[in-house]
*Asks:* 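Supplied in structure tokens, the structure appears directly below.
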2 protein chains.
Amino acid sequence: MAQGVGGASKKDQKSVRADAPAAAPEGGIRRENLRRILTAAEQVFAEQGYGGATTAAIALRAGLPKANVHYYFSTKHDLYRAVLADILKQWLDPLAHVTPDSDPAQALAGYIRAKMRATRDRPVVSKVFASEIIHGAAEIEGFLTSDLKKLVDEKSAVLDGWIAEGRMAPVDTRHFFFFIWAVTQHYADFDAQVRAVLGRKKLTRRDFDAITVEVVRFILRGAGLSLPTA
Amino acid sequence: MAQGVGGASKKDQKSVRADAPAAAPEGGIRRENLRRILTAAEQVFAEQGYGGATTAAIALRAGLPKANVHYYFSTKHDLYRAVLADILKQWLDPLAHVTPDSDPAQALAGYIRAKMRATRDRPVVSKVFASEIIHGAAEIEGFLTSDLKKLVDEKSAVLDGWIAEGRMAPVDTRHFFFFIWAVTQHYADFDAQVRAVLGRKKLTRRDFDAITVEVVRFILRGAGLSLPTA
DNA sequence: GTCTATACATAGATAGAC
DNA sequence: GTCTATCTATGTATAGAC
């Protein structure tokens with residue numbers, strides 16, 4: 001059914017190929033407008049959810065007339081899929097830190113820090129992703145069951161190797177990844193709750209640094225690891 | 001601004017007070033219909049989000065005509081607030097386990113298990129709550145900044161006491177609660193992702209028991225604790 | 001207290017001039 | 001490639017018969 005967001009369906013081609021029919025002088029208008037629309041859509045979807053988002057609101061935030069949005073993305077649904085595709089591209093990268101020959105504590109700390117950076121710098125992305133999964137993940141089912149599953153299988157095998165060698169505590173490695181995701185993304189997705197409980201209006205860069213240290217320490221200890229106190 | 005979902009505004013009174021004007025014979029019709037509507041609404045809000053949910057869909061699932069839903073809740077927004085109020089009542093209870101004189105490992109394990117039970121038995125509740133927070137928590141801001149903050153302040157003081165006595169590792173206790181929430185609720189909110197990565201169609205009761213053991217062990221270890229291997 | 005029929009607003013999407 | 005005007009569908013909410 002859901003054939004994955006990445007796959008280019010017939011309807012996608014129009015908005016994906018680079019050689020637009022009668023492109024603008026420097027050819028930048030199309031690119032620029034697409035970026036504006038995608039960024040605006042990302043924010044509106046994060047704030048309102050898919051159902052609550054309106055093309056009018058997206059157009060307004062993008063600074064374009066509504067019909068212009070429909071020119072680039074014929075349906076709201078197409079636009080949503082484009083936003084998700086944009087997001088998924090950057091979702092898997094941070095796991096590159098985790099390789100068999102790396103030091104467990106250092107590699108995992110690197111991964112967790114990368115995730116926390118993403119949480120800090122692109123909270124909106126995390127929220128759209130979270131919202132999609134909470135409401136059933138109909139659009140990204142393909143991504144989850146193929147790309148993501150494959151990557152987790154691969155990386156949890158790496159961790160299983162470490163465990164077999166006695167380099168970290170015996171944990172269920174797949175669930176260990178869930179724990180990492182849960183904790184790191186919590187600070188993006190549930191930031192309203194975090195701020196309310198901490199009594200803070202806004203979390204600063206410095207806050208995030210402190211939180212990251214705490215998160216890294218907690219998760220590593222959960223895996224029977226610790227960083228050298230440099 | 002948001003005066004909290006629990007507070008009874010003028011508009012709420014109609015749907016909250018027990019003595020309905022011309023109640024049914026056994027007085028059960030109103031109660032029954034309210035239950036049906038709230039349960040249906042909970043599910044539809046969880047699946048579609050607030051914006052995506054329609055009163056027609058809620059009425060359909062409740063097995064009532066649309067106008068009947070509007071009879072009990074004059075607006076969709078009122079109904080949403082009622083669903084949230086219903087949820088918040090049961091949100092704080094499990095923390096009762098955590099008291100100064102209890103054993104840290106046992107008390108925290110009890111709390112985590114209670115949260116995992118809630119995750120298993122009422123995933124829909126967790127999803128509505130999560131969705132609300134992700135999209136800014138406008139409706140429950142009051143609850144978060146008063147009731148929840150107060151409770152967390154109180155309970156984190158308990159943990160700080162344990163830490164001072166050397167009964168658990170020195171962690172930032174507020175963030176420690178965030179870690180617990182993040183991990184436990186992950187299995188309700190992100191179940192689509194969990195199932196996809198594990199390659200399972202459905203998580204059974206037995207799965208949840210196993211996951212709970214893993215979660216308890218992980219979090220306790222993160223706090224420098226462990227359960228006696230009974 | 002229930003429910004059919006309907007009013008009214010707004011959404012997504014498109015036609016067609018520029 | 002852009003954008004005003006507009007069509008159509010759908011959603012929320014209500015009037016009023018039962």
Side-chain angles (χ1 to χ4, degrees), chain A residues 11-38 40-41 44-45 47-83 139, chain B residues 11-38 40-41 44-45 47-83 139:
Chain A
K11 295 198 76 177
D12 284 333
Q13 290 180 6
K14 177 180 54 179
S15 56
V16 168
R17 65 179 176 191
D19 51 350
E26 351 94 89
I29 294 179
R30 184 182 188 80
R31 262 184 55 85
E32 166 67 11
N33 280 348
L34 281 172
R35 262 273 60 81
R36 290 163 71 102
I37 294 171
L38 284 172
V44 175
F45 284 134
E47 284 167 18
Q48 313 289 336
Y50 175 76
T54 66
T55 52
I58 292 168
L60 179 69
R61 185 161 325 197
L64 293 170
K66 200 170 59 163
N68 208 333
V69 171
H70 276 103
Y71 171 72
Y72 288 104
F73 301 93
S74 54
T75 70
K76 172 180 165 183
H77 196 242
D78 271 6
L79 174 52
Y80 182 59
R81 304 211 331 151
V83 168
E139 302 302 327
Chain B
K11 294 201 75 176
D12 284 335
Q13 291 180 5
K14 178 180 55 180
S15 56
V16 167
R17 65 178 175 192
D19 52 350
E26 351 95 89
I29 294 179
R30 186 183 187 78
R31 263 183 54 85
E32 167 68 11
N33 279 350
L34 282 172
R35 262 273 61 83
R36 291 163 70 102
I37 293 170
L38 285 171
V44 175
F45 283 134
E47 285 168 16
Q48 313 288 336
Y50 175 76
T54 66
T55 53
I58 293 169
L60 180 68
R61 188 164 321 200
L64 294 169
K66 203 169 57 164
N68 208 333
V69 171
H70 275 102
Y71 171 72
Y72 288 104
F73 301 93
S74 54
T75 69
K76 172 181 165 182
H77 195 243
D78 271 5
L79 174 51
Y80 182 59
R81 303 211 332 148
V83 168
E139 301 303 325

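Each chain gets a letter, A, B and so on, in the order the sequences are listed, and its residues count up from 1.
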*Asks:* B/Ile37 CD1 to D/dT12 P: how many Å, rounded?
*Replies:* 14 Å
*Asks:* Could you check whether any side-chain heavy atom of A/Leu64 comes within less than 4.5 Å of a side-chain heavy atom of A/Ile58, counting everything from C-beta outward?
*Replies:* no
*Asks:* For the residue pair A/His77 and A/Tyr50, categorise the inter-ring angle as parallel (less than 30°), tilted (30 to 60°) or perpendicular (more than 60°).
*Replies:* perpendicular
*Asks:* Not counting sequence neighbours, list each pair that qualifies as a salt bridge (Lys or Arg N to Asp or Glu O under 4.0 Å) and has a residue in residues 62-73 of chain B.
*Replies:* none
*Asks:* Does a side-chain N or O of B/Tyr72 approach OP1 or OP2 of C/dG1 to a distance below 4.0 Å, or not?
*Replies:* no
*Asks:* Is A/Tyr71 near enough to D/dC3 that one of its side-chain N or O atoms lies under 4.0 angstrom from OP1 or OP2?
*Replies:* no
*Asks:* Could you tell me whether the side chain of A/Leu38 reaches within less than 4.5 Å of the side chain of A/Arg35, counting heavy atoms only?
*Replies:* yes
*Asks:* For A/Lys76 and C/dG12, what is the distance between atoms NZ and C1' respectively, to the nearest whole Å?
*Replies:* 8 Å
*Asks:* How is A/Ala57 classified with respect to the nucleic acid when contacts are heavy atoms under 4.0 Å: base, sugar-phosphate, or nothing?
*Replies:* nothing
*Asks:* Compare all side-chain heavy atoms of A/Tyr72 with those of A/Leu79 and state whether any distance is below 4.5 angstrom.
*Replies:* no
*Asks:* Atom CD of B/Gln48 and atom P of D/dT10: how far apart are they, to the nearest Å?
*Replies:* 15 Å
*Asks:* Could you list by number each residue of residues 61-69 of chain A showing a heavy-atom separation from DNA chain C of less than 4.0 Å, or answer none if no residue does?
*Replies:* A/Lys66, A/Ala67
*Asks:* What residues form a side chain to side chain contact (heavy atoms under 4.5 Å, CB included) with A/Ala67, not counting sequence neighbours?
*Replies:* none
*Asks:* Just the rounded figure in Å: distance from C1' of D/dA13 to CG of B/Leu79.
*Replies:* 13 Å
*Asks:* Please assess A/Ile37 against A/Tyr71 for the test side-chain contact (heavy atoms from CB on, under 4.5 Å), listing each intermediate value before the final yes or no.
*Replies:* CA-CA 11 Å; A/Ile37 294 171; A/Tyr71 171 72; over 6 Å; no
*Asks:* At under 4.0 Å between heavy atoms, what does A/Ala59 touch on the DNA or RNA strands: base, sugar-phosphate, or nothing?
*Replies:* nothing
*Asks:* Using whole Å, what does the distance between atom C1' of nucleotide C/dA9 and atom NE2 of B/His77 come to?
*Replies:* 18 Å
*Asks:* Provide, to the nearest angstrom, the distance between the CG atom belonging to A/Asn33 and the C1' atom belonging to D/dC3.
*Replies:* 12 Å
*Asks:* Between B/His70 and D/dA13, does any side-chain N or O lie under 4.0 Å from OP1 or OP2?
*Replies:* yes
